[in-house]
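A short worksheet on the structure shown next.
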Protein chains: 2
Amino acid sequence: MSLSPLGRVPTIRDVAAAAGVSIGTASKALNGRGKLRPETRERVLAAARQLGFRPNTLAQGLLSGRTYTVGLITSDSFGRFSIPVMLGAEDALGAGQISVFMCDTRDDPIRERHHLQTLLARRVDGILVTGRRTEPRPSIGTELPVPVVYAMTQSTDPSDFSVIPDDFGGGQLATRHLLAMGRRRIGHITGPERFQAARLRADGMRQVLAEAGYEIAGGGPLFGEWSEEWGRQGVDILLRAEPRIDAVFCGSDQIARGVAEILRERGRRIPDDVALVGFDNWEAMAVGCRPPLTTVDMNLGEVGRVAAEHLLAAIAGNASGGGVKAIPCQLVVRESTGPVSPRAN
Amino acid sequence: MSLSPLGRVPTIRDVAAAAGVSIGTASKALNGRGKLRPETRERVLAAARQLGFRPNTLAQGLLSGRTYTVGLITSDSFGRFSIPVMLGAEDALGAGQISVFMCDTRDDPIRERHHLQTLLARRVDGILVTGRRTEPRPSIGTELPVPVVYAMTQSTDPSDFSVIPDDFGGGQLATRHLLAMGRRRIGHITGPERFQAARLRADGMRQVLAEAGYEIAGGGPLFGEWSEEWGRQGVDILLRAEPRIDAVFCGSDQIARGVAEILRERGRRIPDDVALVGFDNWEAMAVGCRPPLTTVDMNLGEVGRVAAEHLLAAIAGNASGGGVKAIPCQLVVRESTGPVSPRAN
DNA sequence: TTGAAAGCGCTAACAT
DNA sequence: ATGTTAGCGCTTTCAA
């Protein structure tokens with residue numbers, strides 16, 4: 001870890017000199033290529049070790065045309081959703097010895113273009129675009145010299161490849177669980193209708209209910225905001241529309257928190273009287289809830305990982321073509337759901 | 001944005017050819033150096049523009065010895081605390097046209113060393129180490145060939161430079177505010193005592209109270225966990241020890257949420273009967289609270305920004321020496337604090 | 001005012 | 001088995 005004995009970062013030239021061989025020989029020894037006397041190879045390696053030599057990646061990249069770097073452009077300011085995605089991506093990329101350039105656009109197209117230019121100038125091998133998915137976004141660029149994969153956001157260009165969570169499936173998952181617990185009058189309080197995620201989750205719920213011969217209680221989904229405050233308001237609206245409610249599926253954990261709080265205050269026990277399912281598995285929120293929240297986990301790490309793997313494949317020349325890949329969600333059962341209480345009704 | 005007309009990434013050689021000049025001339029034109037006929041310069045620039053030329057940063061870096069990159073090593077898995085720090089850092093660095101390599105260590109020293117090696121091999125100009133600060137951590141390396149600055153974490157090596165939030169000051173801030181609101185019996189529920197942050201916040205509180213002739217109500221700080229659940233438990237302990245409590249300062253917003261919930265249930269109005277101050281300004285938590293939480297903001301963005309600026313200075317050769325710089329906190333007043341209610345007592 | 005040439009650190013093809 | 005050379009893309013002398 002300490003500075004090299006030379007007092008500067010050693011080059012292969014220093015190694016060669018120390019080992020008393022030519023630069024080419026040193027290179028071969030270090031890379032295990034070509035035919036060398038074992039003794040020579042060992043001498044070179046020893047010299048390298050002693051000097052703390054690490055090959056200059058820039059020089060290697062210049063020569064090979066591969067930099068083993070990718071750019072990660074996020075429009076979510078490294079937010080709650082893009083972080084796990086990034087982590088998953090870093091996982092997959094790190095395994096491939098690839099370093100990641102972080103670029104935050106703050107949702108500003110100008111900044112995005114700027115970052116894109118910078119990344120291309122740095123000759124990244126590929127680009128990952130992540131976001132807080134709302135509606136599909138414009139493609140970051142067609143005909144780019146490197147492959148691009150979208151994660152947790154979608155490009156409007158069908159020739160781009162995007163990886164997103166399966167919101168529809170998530171809605172199904174939550175609903176099946178509630179049905180399995182014997183719940184029949186299930187309400188839905190969720191975010192703004194303009195969010196595709198909100199619509200898809202509601203659709204998944206509706207579909208599962210319909211198959212079982214039910215509908216969303218209270219007259220349909222209550223679209224509102226992604227906030228606790230809306231959860232508090234929404235549940236009162238719901239209770240008014242259908243007082244006999246025995247479960248609520250919420251579009252987010254925050255909404256569920258609000259719902260839980262008011263249900264308590266209205267004297268409804270969770271889960272005995274009313275079961276509650278959230279969405280996001282936002283640890284701090286879900287675990288802090290009283291009782292701890294059963295919720296849908298979007299497997300964001302997996303979203304990032306899959307996106308990164310696709311990017312790696314594309315870099316390796318195995319382009320996967322355009323399209324959208326939806327990663328299945330997963331139900332995390334905690335204490336806010338359970339079988340219908342014998343005392344209920 | 002589209003691929004160059006050449007069907008590959010253009011080099012300066014292509015630009016020179018297109019403009020009908022030598023490579024050296026093209027370089028001068030592009031960099032505005034040397035003496036060139038204005039017409040020639042224009043011709044080169046036009047060619048570059050037409051080809052979509054962007055100089056290869058690797059080649060520039062190889063030559064100049066400067067890569068205009070820094071490594072950002074985080075042991076917090078891009079967690080809640082390191083993100084804002086990163087954002088602030090990216091801010092300061094981006095302004096300097098510096099790109100950031102993200103490295104997450106998952107708190108594993110092996111991974112950390114690996115990332116460090118990788119960064120050095122990539123010839124970053126400097127390294128920023130961030131973390132979720134608990135106790136000071138071992139230095140990432142002495143005698144490194146590039147400067148290192150610690151943000152939101154501290155090195156045990158006094159010759160390293162660290163930037164952290166001023167927890168002591170944060171504790172003072174919260175306490176002064178509560179005193180100003182006329183509160184006198186102020187309890188303190190906070191995280192584990194092994195956290196320096198918890199101890200410092202308590203110390204700041206104690207000092208301000210002492211100056212005003214008071215002490216922490218209930219017999220001293222209640223150290224516990226950083227969770228809502230602990231907030232719920234802690235406040236009952238506190239109420240038992242000192243039922244006439246008129247304010248609680250919490251070591252985190254999560255704790256404060258738990259405290260708020262139970263205070264409500266015990267029939268204490270916030271802020272009329274009991275004022276409440278949190279710590280972190282964790283937006284979703286603080287705003288979702290009933291009522292919205294007055295809390296201490298650590299200015300994490302500023303922590304990152306200052307750290308990055310110091311790193312830039314060090315890179316530029318203006319080493320700042322070792323030491324610790326504490327960034328002042330800031331009180332964010334919402335609705336959980338207010339003057340003592342006329343009806344109280 | 002422009003061009004030619006050297007060299008940053010490295011690898012790979014070719015000589016020896 | 002080892003050394004020499006060319007060249008990746010660029011900047012910077014130094015010649016012309």
Side-chain angles (χ1 to χ4, degrees), chain A residues 4 6 8-45 47-48 51-69 97 118 120-125 145, chain B residues 4 6 8-45 47-48 51-69 97 118 120-125 145:
Chain A
S4 131
L6 291 168
R8 58 187 170 77
V9 179
T11 71
I12 198 173
R13 178 193 225 102
D14 300 314
V15 175
V21 297
S22 77
I23 292 181
T25 303
S27 173
K28 281 177 215 157
L30 291 166
N31 295 293
R33 257 182 277 277
K35 272 144 211 331
L36 266 67
R37 207 151 19 118
E39 185 259 315
T40 312
R41 167 155 310 169
E42 199 38 67
R43 195 149 33 90
V44 173
L45 291 176
L51 291 173
F53 170 77
R54 305 241 74 205
N56 184 327
T57 318
L58 295 159
Q60 292 180 316
L62 191 53
L63 202 53
S64 69
R66 275 273 267 145
T67 56
Y68 292 87
T69 59
Q97 300 279 48
T118 304
L120 294 178
R122 293 200 183 277
R123 300 301 188 262
V124 293
D125 296 331
Chain B
S4 127
L6 291 168
R8 57 185 173 75
V9 180
T11 71
I12 198 173
R13 180 194 224 99
D14 300 315
V15 175
V21 296
S22 76
I23 293 180
T25 304
S27 174
K28 283 175 213 154
L30 291 166
N31 296 293
R33 258 183 277 277
K35 275 154 208 323
L36 266 66
R37 207 149 20 116
E39 187 259 316
T40 311
R41 167 156 308 170
E42 199 36 68
R43 196 148 34 91
V44 172
L45 291 176
L51 291 173
F53 170 78
R54 306 240 75 203
N56 185 326
T57 319
L58 294 147
Q60 292 179 316
L62 190 53
L63 203 55
S64 68
R66 274 274 267 146
T67 56
Y68 291 89
T69 60
Q97 298 279 47
T118 304
L120 294 178
R122 292 199 183 279
R123 302 300 188 262
V124 294
D125 296 331

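These numbers come from the heavy atoms of this one structure, side chains and all, not from hydrogens, waters or symmetry mates. To find a chain, count down the sequence lines: A is the first, B the second, and so on, and within it residues start at 1. On a predicted model such as this, the values are computed, not experimentally measured, just so you know.
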message: Within this structure, what is the OG1-CZ distance for the pair A:Thr118 and B:Arg54, rounded to the nearest 0.5 Å?
response: 6.5 Å
query: Looking at A:Arg13, does any N or O in its side chain come under 4.0 Å of the phosphate oxygens OP1/OP2 on C:dC10?
result: no
query: Is a donor on one side and an acceptor on the other found under 3.5 Å between the side chain of A:Arg43 and the backbone of A:Ala19?
result: yes
- prompt: Roughly how far, to the nearest 0.5 Å, is the CG atom of B:Asp125 from the OG1 atom of B:Thr67?
  reply: 3.5 Å
Any protein N or O atoms within reach of nucleotides 12-16 of chain C? Criterion: under 3.5 Å, listing atom names and distances.
unit_1 : atom_1 : unit_2  : atom_2 : d
C:dA12 : OP2    : A:Arg33 : NE     : 3.0

statement: Checking B:Asp14, B:Leu30, B:Val9 against B:Phe53 for side chain to side chain contact (heavy atoms under 4.5 Å, CB included), the one that qualifies is B:Leu30
query: B:Leu62 CG to D:dG9 P: how many Å, rounded?
result: 12 Å
task: Look up atom CG in A:Leu62 and atom CG in A:Asn56, then write down how far apart they are to the nearest 0.5 Å.
output: 9.5 Å
- request: Using atom CD of B:Glu39 as one end and atom C1' of C:dT2 as the other, report the distance to the nearest whole Å.
  value: 13 Å
message: Output the rounded distance in Å from CD1 (A:Ile12) to P (D:dG3).
response: 12 Å
statement: The nucleotide from C:dC10, D:dA1, D:dC10 with an atom nearest the side chain of B:Ala59 is D:dC10
message: Would you say A:Ser64 places a side-chain N or O within less than 4.0 Å of OP1 or OP2 belonging to D:dC8?
response: no
statement: Residue pair A:Gln60/B:Gly20 against DNA chain C: nearer the 5' end by closest nucleotide is B:Gly20
query: Looking only at atom types and distance, does a side-chain atom of B:Thr57 sit under 3.5 Å from a main-chain N or O of A:Ala121, one as donor and one as acceptor?
result: yes
- prompt: Between C:dA4, C:dT1, D:dT2, which nucleotide gets closest to the side-chain atoms of A:Leu36?
  reply: D:dT2
